[in-house]
Amino acid sequence: MTARTLQGFMELLPQEQIVFDHMKSVIAHTYEMFGFAPLDTPVLELADVLLSKSGGETEKQIYEFKKGDTDLAMRFDLTVPLAKYVALYNNDLTFPFKRYQIGKVYRGERPQKGRFREFYQCDIDIIDRDELNIVYDAEVLAVIYTVFNKLNLPKFKIYINNRKLLGGFLQSLDIADKTVEVLRLVDKIKKIPEEAFLGELSDLGLAEDKKQSLLKFIKINGLNDEIIAKLEELNIDNDSFVTGLAELKTVITQAQNLGLPAQNIQIDLSITRGLDYYTGTVYETFFDEYPQFGSVCSGGRYDNLSSVFMDKKFPGVGISIGLTRLFDQLRANNLLQFKELTPSKALIVPQDESLIDAAVKLAGKLRNADIAVDVMYRQCKFKKKMEYANKIGVPYLVIIGEEEAKSGLFACKDMITGEQKALNLDELIETLK
RNA sequence: GCGGAUUUAGCUCAGUUGGUUAGAGCGCUGGUUUGUGGUACCAGAUGUCGUGAGUUCGAGUCUCAUAAUCCGCCCCA
């Protein structure tokens, strides 16, 4: 039997896992800073529940199987489980309901660069009954900004748009019936040449003048305020457009009030998102110097979370960070530093068998003082012990030898500077704190 | 679902028009006098050359089949 891991499933070495987990905890902590409460739902659900909402693409990619007579499926994202959860517990939840969920999701698609069959999504959503204030859309922007800022990653930009704008614009052109197809095409504009884009619009049956006005519309650019001014100048008399513009304006204004730097937030009228359940604000996040990573955090506003499960209306806004992809791309581009192999602050090294007792006692005391320590019990040449300490990247070495046993002091060596001091217990705890 | 490529040591790869004991770097193990490392130097181990068949006196190298992996498209994080 040969040991191997399924394709599309990521496994990490300890020093990588430490960095991965660190990123995960920064994300979780940031989410909590904005008042989101944790939620965990099962990886497996009834197939009917998971497939209730979705179209053909999900059905093709979802892992589905039978156990006995029950049709089961593995969750494809965290949004459908959230919808189920809200439908199930809405009488016990307090709205606006803010939850975050960090968990693995499963998609049985062809693995490729940055595409996994099992990957972490880190979601936040704010759900309210009937109506959800638009300022939450700006808060979501602040969450995205704060997370990426704290993760200490390359320069990034959050691109924002409002689907009502393009929807209203298409209505004003009298081609609203083509909205879904046009949105999908607009979403691809950055990937395909302009002629191909126009060609595909022709295939949809759009007249020349309409194609040109659409192209002109999505190419409107400039600073956020300039774009808003240009949109206002268009003077389009359409309810959806007017609402969308007002919402976008509010989000931008509130983002400024929240203190988000202008250079990290950019209105882009060609951002539409492929998923058709978004109805208002949409977000995508890219690294300025690594556009090939794709969007590392996306989301948007939707009118109704749980329509398939219940009659009541629950509008919401949320985003998802694809942590597995993000980590994988950063690692592939050498943008992460892997140093420690251990969470320990110090490695205690008894010089020989007779000093193990002293080492065990010291380990106990240090751990009681809330200091993570490890002990090298394996007896070998001192040089080997040093090598081990080096490899696991532990910051301090505490040596227990005959001299130390006699004096009652501990030799504490800083592995980076090489500096070594004889310390008593209190001084040692102070140093390692 | 459609298309393209790759497969040689633990990892990354080299291997000339088929020719005898298949190589490098990194990593690994040991050593440079046995209480002081990360650098340097020395020595060493490791391969059914993805699998199966064929052509040939002879195949890592050519042909066919098959599998695995990777990369695009679609869709998405």
Side-chain angles (χ1 to χ4, degrees), chain A residues 2-10 13 27 54-62 75-79 101-123 144 184-185 187-188 191-192 196 272-278 282-287 292-300 318-330 332 339 341 347 349-352 355 376 379-405 411-422:
Chain A
T2 313
R4 59 193 211 102
T5 302
L6 288 169
Q7 61 167 324
F9 289 72
M10 187 170 84
L13 289 169
I27 293 169
S54 40
E57 203 57 41
T58 309
E59 244 163 275
K60 277 200 303 204
Q61 295 189 354
I62 202 157
R75 63 187 179 200
F76 172 90
D77 63 15
L78 299 177
T79 306
Q101 181 166 7
I102 297 177
K104 286 174 171 177
V105 302
Y106 298 83
R107 297 186 188 178
E109 62 176 338
R110 272 247 138 65
Q112 275 170 43
K113 188 194 277 294
R115 347 185 56 189
F116 292 85
R117 288 180 164 173
E118 176 189 69
F119 59 96
Y120 273 95
Q121 286 197 325
C122 310
D123 279 30
I144 304 174
R184 190 158 296 155
L185 261 182
D187 194 43
K188 290 202 313 199
K191 286 187 192 168
I192 61 174
T272 68
R273 311 288 298 115
L275 297 174
D276 45 5
Y277 67 85
Y278 292 121
V282 285
Y283 316 90
E284 289 199 344
T285 311
F286 290 87
F287 291 114
Q292 71 275 20
F293 284 15
S295 177
V296 291
C297 172
S298 319
I319 51 102
S320 178
I321 298 174
L323 181 56
T324 303
R325 169 188 286 182
L326 175 62
F327 178 89
D328 183 62
Q329 308 261 47
L330 291 170
K339 287 172 287 187
L341 268 162
L347 178 71
V349 177
Q351 283 297 5
D352 59 56
L355 295 159
M376 180 63 167
Q379 289 308 313
C380 51
K381 285 186 193 168
F382 191 68
K383 185 177 163 131
K384 293 284 157 206
K385 295 173 183 170
M386 292 291 291
E387 268 171 24
Y388 176 75
N390 260 329
K391 278 193 188 154
I392 64 172
V394 71
Y396 289 94
L397 199 65
V398 177
I399 302 157
I400 301 187
E402 277 171 40
E403 294 165 30
E404 287 75 18
C412 177
K413 184 181 177 76
D414 182 323
M415 289 300 286
I416 294 160
T417 63
E419 194 183 348
Q420 188 168 324
K421 283 182 196 157

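Sequence lines set the chain letters: A, B, ... in the order given, protein chains first and strands last, and positions in each chain run from 1. Quick caveat: nothing in here was measured; it's all calculated off a predicted structure.
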Using whole Å, report how far [atom1] of [X] lies from [atom2] of [N].
X	N	atom1	atom2	value
A/Lys188	B/G72	NZ	P	16 Å
A/Lys113	B/A5	NZ	C1'	14 Å
A/Gln351	B/G35	CD	C1'	5 Å
A/Arg117	B/C70	CZ	P	9 Å
A/Asp187	B/A77	CG	C1'	13 Å
A/Tyr278	B/C76	OH	C1'	11 Å
A/Tyr388	B/G30	OH	C1'	20 Å
A/Gln379	B/U34	CD	P	17 Å

Listed pairs under 3.5 Å, donor-acceptor, residues 411-419 of chain A side chains, sequence neighbours left out:
residue: A/Lys413; atom: NZ; partner: A/Gly418; partner atom: O; Å: 3.2
residue: A/Asp414; atom: OD1; partner: A/Ile416; partner atom: N; Å: 2.8
residue: A/Asp414; atom: OD1; partner: A/Thr417; partner atom: N; Å: 3.2
residue: A/Thr417; atom: OG1; partner: A/Glu419; partner atom: N; Å: 3.1

Between the base of [N] and the side chain of [X], is one N or O donor paired with an acceptor at under 3.5 angstrom?
X	N	answer
A/Gln329	B/A77	no
A/Gln61	B/G1	no
A/Lys383	B/U36	no
A/Arg184	B/C75	no

- As its Watson-Crick or G-U partner within any shown strand, both distances under 3.5 Å, B/G50 has B/U66
- Sticking with atom C1', work out how far B/G60 lies from B/C49, rounded to a whole angstrom. 5 Å
- Nucleotide nearest A/Ser295 (side chain, heavy atoms from C-beta), chosen from B/U36, B/A77, B/C70: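 Of the options given, the side chain of A/Ser295 lies nearest B/A77.
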Has the side chain of [X] got a donor or acceptor atom that lies under 3.5 Å from a matching backbone atom of [Y]?
X	Y	value
A/Arg75	A/Val105	no
A/Lys113	A/Gln329	no
A/Ser320	A/Asp123	no

Using OP1 and OP2 only, check whether a side-chain N or O of [X] sits under 4.0 Å from [N].
X	N	answer
A/Gln112	B/G72	yes
A/Lys381	B/U29	no
A/Lys384	B/G30	yes

- Return the 5'-most residue of the pair A/Arg110, A/Ser320 with respect to RNA chain B, ranking by each residue's nearest nucleotide.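 That would be A/Arg110.
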- Are side-chain heavy atoms of A/Phe119 and A/Met10 found at a separation under 4.5 Å? no
